[in-house]
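Everything quoted here is computed from the prediction, not taken from an experiment.
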Amino acid sequence: MEEASLLWLLFLTSLLSCTTNQASLTVSPSRSQMFEDEFVSLSCEEDDSSAGWTVRRNTRGDTRTQCGVHWGELAGSSCKIPDMVPLDSGVYWCESREGATSNTINITVTGGSVVLQSPVLPVMEGHDVTLTCRTKTPPSNPTADFYKDGSLIRTEPTGHMTIHHVSRSDEGLYKCLSSSDGESPSSWISVTGGILSAEKPTTTVPPPTTEAPPTSAASAPPTSAASAPPTSATTVPPTSAVLPPGSSSYEFVFTLLRHLVVFCPYCISTVLMVSLYRHRPTENERPVSMAMTPPTQPEERLDDVYDDVIAAVTTEHHF
C-alpha cells in the first residue's frame with residue numbers, strides 16, 4: 001500500500017512538472033475589422049490566472065505597449081477600448097509576466113461605412129467559412145459583391161457568402177463592395193491543416209519574441225520591419241497560422257526542442273526513481289553468503305586435540 005502511494009505521488013509530480021500555462025486571445029465583436037468609434041473588448045482566456053496575462057499591441061504609435069498605458073481600460077486579464085479609431089489598427093496579443101505570448105490578432109479600424117466580417121483565427125481545412133458584408137447604417141447586410149485578391153467571386157443579395165470545404169487554395173485577401181455604402185477593407189483569410197499555413201509577405205510590426213508562446217492554431221502577425229500597421233483599405237496577410245510573433249518554422253522547431261530539453265528530465269528522473277525503488281532489496285531478500293572460510297591455526301589445533309581424545313576413548317573402550 002505504501003509502495004503504491006509513493007508511485008502515485010511520483011506520477012503526479014512528473015505530470016504537474018510537464019504542464020505549461022497557456023492563454024488565448026479573443027476579441028468581441030469577433031471580427032478583424034472594426035468601425036470607428038466602436039466598442040471592442042479583448043480577453044486573455046488563461047489556464048492559470050496567477051501567470052499575470054495582459055493584452056499588448058503594436059500599432060503605428062505603440063510598440064509592445066500594455067493595455068491601460070496610453071490606451072484601453074485594463075480589467076484583470078481583459079482590455080476594453082470604448083471608442084476605436086484608425087490609429088488603433090495593429091497587432092494584438094496576450095503576454096504573461098514571464099514573457100510567454102498567445103496567438104495574435106490583426107485588427108483594422110476603418111472610418112468608412114462597410115466592414116467585412118471574417119474569421120479572426122485561421123480556418124481548418126475542410127470546414128465551411130461564412131463572410132458577411134456589414135454596413136454601419138441599416139440595412140446592416142445589404143446586397144454585396146465579394147472579391148478575392150481583387151477578382152469578383154459572386155454577388156450575394158443577403159450580404160452573406162459561404163465557402164464550403166475550404167482548402168489552401170482559398171487563402172487570400174477578401175473584401176466586399178456595397179453599391180450604396182462603398183467597399184470594406186481587405187482581410188487575409190488563412191487556412192490551416194492543423195500545423196502551419198503558407199507564409200505571406202507583410203508590413204505590420206510584430207511583437208517581440210522574448211519567450212516562446214504555445215503552439216496554438218492562431219493567426220500570427222506579420223514579420224517585416226515596417227513601422228505602421230495597415231490603416232487603409234487593405235489588411236495585409238499574416239505570416240503563419242500558428243507561429244508566435246515574429247517566428248519562423250525554424251524557431252518553432254527550436255521552441256519545441258527547448259521544451260523537450262526542459263521538461264523531459266522530470267519524466268526521466270521519475271522513471272529512474274520508480275525503477276530504483278522497485279528493485280531495492282528488502283530485509284528478507286538480502287543475500288546470505290555460503291562461502292566457507294578456511295580454518296585458522298587455533299582451530300586446527302583444537303581439531304587435533306579432538307581427534308586425540310576420540311582415539312583415546314576408543315582405545316579404552318576396546319580394553
Side-chain angles (χ1 to χ4, degrees), residues 16 18-34 38-59 61-85 87-109 117-124 187-188 190 192 194 204-223 229 235 238-247 251-252 255-256 258-259 262:
L16 291 173
C18 294
T19 58
T20 55
N21 297 324
Q22 298 179 356
S24 176
L25 177 64
T26 59
V27 59
S28 178
S30 183
R31 60 177 188 265
S32 59
Q33 296 183 11
M34 307 293 176
E38 189 170 15
F39 176 87
V40 173
S41 176
L42 299 134
S43 300
C44 297
E45 296 182 352
E46 52 197 336
D47 293 338
D48 182 11
S49 58
S50 64
W53 292 92
T54 55
V55 180
R56 293 180 179 269
R57 74 178 187 181
N58 281 348
T59 64
D62 301 315
T63 302
R64 293 191 72 253
T65 53
Q66 179 178 322
C67 176
V69 180
H70 307 305
W71 67 276
E73 298 174 0
L74 185 63
S77 59
S78 299
C79 181
K80 304 181 187 302
I81 308 177
D83 301 298
M84 295 286 284
V85 296
L87 288 177
D88 290 318
S89 299
V91 182
Y92 292 76
W93 73 97
C94 297
E95 187 169 320
S96 68
R97 282 191 297 265
E98 291 75 19
T101 57
S102 70
N103 60 293
T104 58
I105 294 178
N106 289 275
I107 294 179
T108 300
V109 183
Q117 183 171 335
S118 60
V120 175
L121 303 179
V123 184
M124 290 294 294
S187 286
W188 178 263
S190 296
T192 176
T204 305
V205 180
T209 55
T210 56
E211 191 69 30
T215 56
S216 60
S219 63
T223 59
T235 301
T239 59
S240 165
V242 295
L243 289 181
S247 295
E251 291 178 346
F252 174 74
T255 300
L256 180 61
R258 182 171 60 181
H259 279 81
V262 171

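For the side chain to side chain donor-acceptor pair (under 3.5 Å) test, no residue two or more places apart in sequence or in another chain qualifies with Thr54. For Ser43, the side chain to side chain donor-acceptor pair (under 3.5 Å) partners two or more places apart in sequence, or in a different chain, are Ser78.
Expressed to the nearest 0.5 Å, how far CE of Met34 lies from CE of Met84 amounts to 6.0 Å. Between Tyr92 atom OH and Thr59 atom OG1 the span is 6.5 Å, to the nearest 0.5 Å. To the nearest 0.5 Å, atoms SG (Cys67) and CD (Glu95) are separated by 13.5 Å. A distance of 11.0 Å separates CG in Leu25 from OG1 in Thr101, rounded to the nearest 0.5 Å.
For the residue pair Cys44 and Trp53, the shortest heavy atom distance occurs at CB-CB, 4.0 Å.
For Asn103 (side chain) and Ser24 (main-chain N/O), no donor-acceptor pair under 3.5 Å exists by modelled atom type. Within the 3.5 Å criterion, the main-chain N or O of Cys94 finds a donor-acceptor partner in the side chain of Ser102. Distance alone, capped at 3.5 Å, is enough to place a donor-acceptor pair between the Ser89 side chain and the Val109 backbone.
Side chains of Trp71 and Thr65: a donor-acceptor N/O pair is present below 3.5 angstrom, by distance only.
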Side chain to side chain contact (heavy atoms under 4.5 Å, CB included) assessment of Thr192 paired with Met124
CA-CA 5 Å; Thr192 176; Met124 290 294 294; 3.9 Å; yes
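Contact check for Arg64 versus Trp93: side-chain heavy atoms found under the 4.5 Å cut-off. The closest side-chain heavy-atom distance from Val40 to Val27 is below 4.5 Å.
Of the options Asp88, Ile107, Ile105, Leu42, a side-chain contact (heavy atoms from CB on, under 4.5 Å) to Arg57 is made by Asp88 and by none of the others.
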